[in-house]
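Here the structure comes first, spelled out in C-alpha cells, and everything after it is commentary.
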Amino acid sequence: EVAGGDAHFFRATLQAPGDRATLVWNRRALGCIAPGCNTTSLTLSNLDLEQLDPTTGAVESTSASAIDNVEQVRSPATGNVIYKVKAASTVDGLPGEPYALAARRQLTPLGTPRPVTHVTLSATAVRPGEPVQVLADVRNSSADLSGESPSATLELPAGVELAPGSNPATQNLGTLAPNASATVAWTVRAGGDALNRLTVNAQATRYGETFRSQEAAAFSSDATAPTVGVATPSGPTNDPTIPVTWTGTDDGTGLRDFDVEVSANDGPYTPWLTATSTTSGTYAGTPGSHYRFRVRATDRLGNVSGFVFSSETSIVAPGSQPAVEPPTSPHGKSSPGLRVRSIARRGSRVQITGTVSRLASRRITFEVRGKSGRLSIRRTAEVFPHAGHFKLALPLPRGTTGTLTIRYEGDDALAAAASHVKLRAL
C-alpha cells in the first residue's frame, strides 16, 4: 500500500522492447450502496505508474489516467529501469492505498530514501540568554537509493532566536548515500521564561519526488526566582524549642534548596541551615531571649528568591511574671504608653513598629479599614510586645488609605483607649 502523495520504487531489467508492467488497485466506496440509500460517497484513488531511466531519472513511459484503476506502461527499449508507483491523490479511510504491480521481468522493491532525524540538545533547562546547542543527525533510511539535495531546517518558536555565530536555519547536506547520515548543528537562545519546542524538518529528493521527516525537542528557560513562606509561633512561650516550617514553589525548573537564618534579640541574622532540602526544623532557643527567622530558596538554575521573615517568638524565662503597676489615675486606669514609631512599606507588606509600657505583656490588636482604589480593605492582626516594643508586618495593597486602630488587650490597670492613625496612600 502507498500513502496519499507518496511514491514507491521497483527495479527491473528488461529483455525486449515492449516489456510491460501493470498496476491495479480497488475502487472503494464509503457509505451505503444498497437500494434505497441516499447520497453515496465514492472514493476514486488516483495511482499513476511511470518507467524511469535509473541513472538520469528521465521518464521513458507513463500511465496517468485519473479515472481508471488499471495503469500499464510498455518499454521502448531494453536494459535496467525503475518503475515508480505514485499516489497522486489522498486516501480515504485507510493509511495507504493497497495495490498490485505485475511485470514481464523480475521486480525488486527499493527502499524509499526518506530522511530519519534524531535531535539532541546540550541542555534541557537554562536561564534566558544562555546558549543551547542543537544537534540533528539526519540518516538516509534506504539501503538502495541515495537521497539527493538533502537539507535540514530548524524551526524556532516565538521568543527563541539563533545565537550570534550560529549556522543558518537551513543547511544543505550534499548527497546522502544509502544508509549514510550527516550531522548539523545550531546554537539558539531564549529571551524569556518558557517551555521552548524546537522542530527540525529534513527532506531529500529522488526521481522527482520529495521525502520529508520531522523531529522535535524542547528546553525550558527560567529566570524567575521561587516563592517562599515561613511560619513560627508568635508571641511569648515557655518552651525553649521553637518549631520552624517553611515552604517554596517554583513554576520553572523546580526547587533546589533553602537557606534559613536566625536573629536573636534583634541582632544580625546568622546562618542556621544552609542549602537544605528539608522544610522544617526545631531551633533550640534560650529563655529570656526572642528570635526571628528568615528563609530564601534557590531553584535548579540558581535563581535565588529574596528573604521572607517570620514573626517574633519570645521565650519567657522560668519563674518570671510581669509585675503590674498599680492604678494611678482617678479612674483606676493608667495608659500602657502605646505609641506608633514608624509605618513603612516593605514590598507587599506594611511594617508597623512602636512602643508600649515595659510592663505590658498581653496582646496588641491591629485593625486597618480603608480603600485601595475601588477595593474596600479590612485587615486584622495581633502581636505580643517584648520589653516595651512591638513590630508587625501587615499585607496591604499599594495605595491604601484609611485608619489604623491599635488596642492593647491587657490588664485593667494597663487598659487604655484605642490609638487611631490615619493612613495616606501607603
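- A donor-acceptor pair under 3.5 Å is formed between the side chain of T400 and the backbone N or O of P397.
- S146 and E148 share a donor-acceptor pair across their side chains, judged by distance under 3.5 Å alone.
- To the nearest 0.5 Å, atom OG1 of residue T313 and atom CD1 of residue I242 are 5.0 Å apart.
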| Step by step, would you call E60 with E50 a side-chain contact (heavy atoms from CB on, under 4.5 Å)? | CA-CA 8 Å; E60 298 176 337; E50 293 180 351; over 6 Å; no
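- Closest heavy-atom contact between D193 and A223: OD1-N, 2.8 Å.
- A salt bridge does not link R206 to D144: none of the charged nitrogens lies less than 4.0 Å from a carboxylate oxygen.
- With a 4.5 Å cut-off on side-chain heavy atoms, E97 and E1 do not count as touching.
- Without hydrogens or angle criteria, N167 side chain to A185 main chain gives a donor-acceptor distance under 3.5 Å.
- Here CD1 of I406 is found 8.5 Å from OG1 of T365. Values are rounded to the nearest 0.5 Å.
- Summarising the local packing, CG of L375 is surrounded by more than 12 heavy atoms from other residues, nucleotides or ligands at distances under 6.0 Å.
- Every residue two or more places apart in sequence or in another chain that forms a salt bridge (Lys or Arg N to Asp or Glu O under 4.0 Å) with E209 is listed here: K84, K86.
- Around atom CG of N179, more than 12 heavy atoms belonging to other residues, nucleotides or ligands sit under 6.0 Å away.
- A donor-acceptor pair is defined here as one N or O able to donate and one able to accept, closer than 3.5 Å; such a pair exists between the side chain of W186 and the backbone of A169.
- Contact annotation: the side chain of L156 approaches that of V188 to within less than 4.5 Å [non-hydrogen atoms, C-beta and beyond].
- Scored by the side-chain contact (heavy atoms from CB on, under 4.5 Å) test, Y207 finds F9, L52, P54, I82, L145 as partners (sequence neighbours excluded).
- The closest side-chain heavy-atom distance from V200 to T153 is not below 4.5 Å.
- Summarising the local packing, CZ of R11 is surrounded by 12 or fewer heavy atoms from other residues, nucleotides or ligands at distances under 6.0 Å.
- The two residues L255 and T249 make their nearest non-hydrogen contact at CD1-N, 3.9 Å.
- Two residues are said to be in side-chain contact when any heavy atoms from C-beta on lie closer than 4.5 Å; N26 and N69 fail this criterion.
- Side-chain atoms of L47 and L23, non-hydrogen and from C-beta on, do get closer than 4.5 Å to each other.
- With rounding to the nearest 0.5 Å, the separation of CG in L396 from OG in S372 is 9.0 Å.
- One distance of note links CH2 of W25 with OG of S45; it measures 8.0 Å at 0.5 Å rounding.
- The closest side-chain heavy-atom distance from Y83 to L107 is below 4.5 Å.
- The side-chain tip of R294 does not point at the ring of F309 from less than 6.0 angstrom away and within 45° of straight on.
- Considering all non-hydrogen atoms of both residues, T55 and D53 come closest at N-OD1, 2.7 Å.
- Remark: aromatic rings of F390 and F366 are close, center separation under 6.0 Å.
- Ring geometry for H8 against F10 counts as perpendicular: the plane angle is over 60°, on a 0 to 90° scale with 30° as the lower cut.
- Between R189 and E161 there is a salt bridge, since at least one side-chain N of the basic residue sits less than 4.0 Å from a carboxylate O of the acidic one.
- Donor-acceptor pairing under 3.5 Å is recorded for the side chains of E71 and S63.
- Residues S376 and K371 approach most closely at OG-CE, 4.1 Å, considering heavy atoms.
- Using a distance-only test at 3.5 Å, with no hydrogens or angles considered, a donor-acceptor pair links the side chain of R127 to the main chain of G302.
- Using modelled atom types, one side-chain atom of N140 and one backbone atom of L176 make a donor-acceptor pair closer than 3.5 Å.
- In this structure, D259 CG and T298 OG1 are separated by 5.5 Å, a value rounded to the nearest 0.5 Å.
- E215 places no side-chain N or O within 3.5 Å of a backbone atom of V116 that could act as its donor or acceptor partner.
- For the pair V228 and T247, the minimum side-chain heavy-atom distance is 4.5 Å or more.
- Judged by distance alone, the side chain of W246 and the main-chain N or O of V260 form no donor-acceptor pair under 3.5 Å.
- Taking the side-chain contact (heavy atoms from CB on, under 4.5 Å) definition, one finds that A123 meets it with V126, sequence neighbours left out.
- S311 and P233 make their closest contact through OG-O, 4.2 Å (heavy atoms, listed as atom of the first residue, atom of the second, distance).
- Atom CG of residue D251 and atom OG1 of residue T224 lie 8.5 Å apart, to the nearest 0.5 angstrom.
- Residues meeting the side-chain contact (heavy atoms from CB on, under 4.5 Å) test with T282, sequence neighbours left out: T241.
- In this structure, the side chain of S166 engages the main chain of T187 through a donor-acceptor pair within 3.5 Å.
- In terms of heavy atoms, T253 sits closest to R300 at O-NH1, 2.8 Å.
- Annotation: side chain of V304 is in contact with side chain of R296 (closest heavy-atom distance under 4.5 Å).
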| field | D6 vs R114, salt bridge (Lys or Arg N to Asp or Glu O under 4.0 Å): CA-CA, chis, key distance, verdict | value | CA-CA 11 Å; D6 206 356; R114 190 181 310 278; 2.7 Å; yes
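- No donor-acceptor pair under 3.5 Å is formed between the side chain of S181 and the backbone N or O of R139.
- Judged by distance alone, the side chains of T170 and S151 never bring a donor and an acceptor atom under 3.5 Å apart.
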| task | List the steps, then state whether side-chain contact (heavy atoms from CB on, under 4.5 Å) holds for V230 with T245. | result | CA-CA 6 Å; V230 60; T245 60; over 6 Å; no
| query | Could you go step by step and tell me if T205 and T210 meet the side-chain hydrogen bond (donor to acceptor under 3.5 Å, both in side chains) rule? | reply | CA-CA 4 Å; T205 63; T210 300; 5.7 Å; no
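- For the side-chain contact (heavy atoms from CB on, under 4.5 Å) test, residues two or more places apart in sequence or in another chain that qualify with P157 are V160, N196, L198.
- Under the salt bridge (Lys or Arg N to Asp or Glu O under 4.0 Å) criterion, R369 pairs with E367, sequence neighbours left out.
- H290 and D266 share a side-chain donor-acceptor pair at under 3.5 Å.
- At most 12 non-hydrogen atoms from other residues, nucleotides or ligands lie less than 6.0 angstrom from CZ of R197.
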| field | Derivation and outcome, side-chain contact (heavy atoms from CB on, under 4.5 Å), residues L404 and I343 | value | CA-CA 10 Å; L404 167 66; I343 301 177; 4.1 Å; yes
| request: I would like to know whether V134 and V119 meet side-chain contact (heavy atoms from CB on, under 4.5 Å); could you show each step before the answer? | output: CA-CA 7 Å; V134 184; V119 181; 3.9 Å; yes
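- Without hydrogens or angle criteria, T124 side chain to F219 main chain gives no donor-acceptor distance under 3.5 Å.
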